[in-house]
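Before any comments, here is the structure.
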Amino acid sequence: MTGPDSRRRPAGSLESEVMAALQHAAQPLTPAQVQDRLTADLAYTTVVTILTRMHAKGLAARSKEGRSFRYRPVDDETGLAARRMHQVLEGEPDRESILARFVDTLSEGDERLLRRLLDRQDPG
Amino acid sequence: MTEMRWFMDADGYLPFAVSVLGMLIARPLSERLPPRSATWLITLLAVATAVASTLTLLVLAAEGVVQLAGFATYTGLPLDILRGDAQTSPLVAALASVALTAGAAGLAVVAVRLRRARRASADAVRDLPGEGLVAVLDDDVVDAFAVPGRPGRVVISTGMLAVLDENEQRVLLAHEEAHLRDRHHMFRNVTRAAAAVNPLLRPLARAVVYSTERWADERAADAVGDRTLAARALGRAALSRTTQAQTTQPRSQTPPPDTRAEETPAEGVPPTALGIGLRGPDRPNRPGPLPRRVRALLLPIPHHGLTLPLTIVLSILAALWGPYDLALDLRDLIEGAHAGQRRLCGSAQ
């Protein structure tokens, strides 16, 4: 059920908007959070319906948190993409020129040093 | 000038002297200048030195060619003058030709590798889910990186998102966005190519990898308005990643930290745990790039001194003077031979 102001659109386009919202979110979203992130003005129940349908189709995974579910995107290609990314990352001798990684695994010495640096900063 | 024949004009050594100087100052440059200036200056130094050393080798090789009997026959110039007045010994010229060939081969190899890596990453980017800048991969490994391209993408694993709070996630995103926006991979590629031509420049190429990371760190700190927060985000991500690598793979089976096996893929280690090898051969007892990045964020931003930039500009000029002076010598040699030829012709008539 859509709100009175919202234009009618095909169900598929709503679904892909919800998918985009899930994919851009940093963490799994509750239906209310999805609703906030959509450009379309949809009723809460509509969002829940779309999410439930996406879950049934295997497009979204959900986990129970408190009284509501949190949804995250499932993409069949994601696993493949991840594997290919790792191949690129590890297989190329010049990967540093291509992929700028946020952090690398630390050596034992670096790990100790880093912990000392951060502890000094924030003893909490 | 016979005593110089085993040698060459001393100016010819300038680009190589500057390369060695670059080796020594690469690290201080990347740490003591603001990261953006450091990146630009190191890149300029590497490119100028690579060009200067290549030109030097070319002129030296050319001085060898003009001393060949075939050159004298072909041009009709007197061989005894060409050989007698040349300041480069045939041995030096031969070595220069070998070095020149090696440099060209090195450059070709790196160019092919970069192209291949580029294509592989472009393919991988096409497979990424979503349309926007950020692609979240459903993967427990704590990882995040930027992939340049048209358009570039930022890849973040769900494992990484799970260990950072919302503010730290903003740091991560701003950091990776900065890599793409400021085109850091261009600086890395250019210095990598310079180091392929002249292996003495490798420390400069490594310094640019570091200074571009610092550049992105400072951009991220700017974006969130808090350098300590940026330091914490980096630290938390790195420590989580390391802890994860240790639990996936007991420490006893990973290579001891000091051997830093560069290209040896250890069996059974999950692929991303090999990130240990990515830092390049830093000296074992020195802190690696990550603690240095975190420390840099906790300290004030370095001021723009004048000493280091001036040193670099002077070094670039010195490096370029080398091949220029050698080329003048070569011109004098040929002109001298022409003059000698005219004298010979004159006396024959």
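Just so we're on the same page: letters track the sequence lines, and every chain starts at 1. Here the structure is a predicted model, which is why all the values come from computation and not from measurement.
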Checking heavy-atom separations under 4.5 Å from chain A, one finds in residues 157-164 of chain B B/M160, B/L161
Query raised in the report: Should A/R116 and A/E111 count as an ion pair when the cut-off is N to O under 4.0 Å?
Result: no
### Query
Is it true that B/E166 and B/R170 make a salt bridge, defined as a side-chain N closer than 4.0 Å to a carboxylate O?
no
Applying side chain to side chain contact (heavy atoms under 4.5 Å, CB included) to A/A25 and not counting sequence neighbours gives A/L29, A/R37
Across all chains, not counting sequence neighbours, the side chain to side chain contact (heavy atoms under 4.5 Å, CB included) partners of B/A174 are B/A220, B/A223
Given B/V294, B/T212, B/L173, B/V134, the one with more heavy-atom pairs under 4.5 angstrom with chain A than any other is B/V294
Around atom CZ of B/R181, are there more than 12 heavy atoms of other residues, nucleotides or ligands at under 6.0 Å?
yes
A/F69 meets the ring-ring contact (aromatic ring centres under 6.0 Å, His included) criterion, sequence neighbours left out, with none
Q) For the residue pair B/H184 and B/W215, does the interplanar ring angle fall in the parallel (under 30°), tilted (30 to 60°) or perpendicular (over 60°) class? A) tilted
Of the listed A/L22, A/V103, A/L113, the one with the largest count of heavy-atom pairs under 4.5 Å with chain B is A/V103
